[in-house]
2 protein chains.
Amino acid sequence: MEASATMLPLSQVPRFFPHKPNRSKLACPPCGPSKPRRTSLPSRLHCQKMYVPGFGEASPEAKAANNLHSFFTYIAVRIVTAQLESYNPEAYEEMMEFLSKNSLNDGDQFCANLMRESSRHNALALRILEVRSAYCKNDFEWDNLKRLAFKMVDESNTRLMRDYVLEISHVEGEGK
Amino acid sequence: MEASATMLPLSQVPRFFPHKPNRSKLACPPCGPSKPRRTSLPSRLHCQKMYVPGFGEASPEAKAANNLHSFFTYIAVRIVTAQLESYNPEAYEEMMEFLSKNSLNDGDQFCANLMRESSRHNALALRILEVRSAYCKNDFEWDNLKRLAFKMVDESNTRLMRDYVLEISHVEGEGK
């Protein structure tokens, strides 16, 4: 099972943003015509929401969804590989070998390559596509994600402010 | 505004996973006691959900939420910096200088450092904390995120399978 650790090198984990920033998009004025969140409607109507610069035509939601898409592919590969390991050692070895040679940075490209490797690999690829769809739609707990994110931001903000205040009051205490 | 492109180097964008994989967790058997999704309950009760290996005590939702937390901090910094640029060039310059010296890989650490830089930086840090909370809870469209992720997985799966079938049928067509 040690192999699982090498199965998906951390360098393969996708990032939120493209490797080259679109500087022309960054130059858009706040609430300008290419306001990220609503490119199809006059931005004036949407200035009740904070302007998020630098996302060009895409919205932060689209960026996050794209990142989650890669995450789901990564998870589907792990699910299928774990299943294979438990009842099909031969296919597991083939999968591990393929994983060692193909990057998961681009999950769709990985699946495309897997489909074309051999008929057996093709069957595995179709299973990965099926699993990532089922995981995304049935297993992944979207409400839990939202709840955890809310909790995380509240707890982090509280901790940061508390630690700062404690630090300051401590310094002042010594000063007296 | 060119500076905005350098504001947040892409190398600072957070990743989904810790830099060191927990190999011992990877070795857990499917549906074993440390099944990621339900560590507090007997895993047998939850085997209707696919086993996702390699997440140790954390769930995929927690990993995704943690990644979104960093994403929201990144967005809050961009929002605040864009606001400063439009009406407080001096604070904007200070912020840009701080950003050039401090990594956003760890958003919370970034905020902690910003709070301690100076009283003016502290005010900016508190605003970033406020903005990331407000963005996460009010502006970020969670339903849209889910909708886009569903759409993305359906479209990607269809495209991958269609392209493969077209390729195969084309090859077979040539073969005749």
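The analysis underlying the following values was restricted to heavy atoms, covering all of them including side chains, and did not include hydrogens, waters or symmetry mates.
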Task: Residue that, paired with Met161(B), satisfies side chain to side chain contact (heavy atoms under 4.5 Å, CB included) out of Thr158(B), Asp163(B), Asn157(B) - done: Asn157(B)
TODO: Would you please say whether a donor-acceptor pair under 3.5 Å links the side chains of Asn113(A) and His121(A)?
DONE: no
- [ ] Identify which part of Arg159(A) has an atom lying under 4.5 Å from any heavy atom of chain B, answering side chain, backbone, both or neither.
- [x] side chain
Task: Top of Asn122(A), Thr73(A), Val131(A), Asn138(A) for chain B proximity - count of heavy-atom pairs under 4.5 angstrom - done: Asn122(A)
Open item on the list: I need the Tyr135(B) OH to Lys49(A) NZ distance, nearest 0.5 Å.
Closed with: 7.5 Å
TODO: Let me know if Leu126(A) has heavy atoms under 4.5 Å from chain B in its side chain, its backbone, both or neither.
DONE: side chain
Task: Distance flag, aromatic centroids of Phe98(B) and Phe110(B), threshold under 6.0 Å - done: yes
- [ ] Select, from Cys111(B), Gly107(B), Ala125(B), Ser133(B), the one with the greatest count of heavy-atom pairs under 4.5 Å involving chain A.
- [x] Ser133(B)
Open item on the list: Applying side-chain hydrogen bond (donor to acceptor under 3.5 Å, both in side chains) to Asp106(B) and Gln109(B), what does each step give before you reach the verdict?
Closed with: CA-CA 5 Å; Asp106(B) 183 338; Gln109(B) 188 56 54; over 6 Å; no
Task: Which atoms of Ala76(A) approach chain B - backbone, side chain, both or neither, heavy atom under 4.5 Å - done: neither
Task: Pick from Ser156(B), Ala134(B), Ala62(B) with the largest number of heavy-atom pairs that fall under 4.5 Å of chain A - done: Ser156(B)
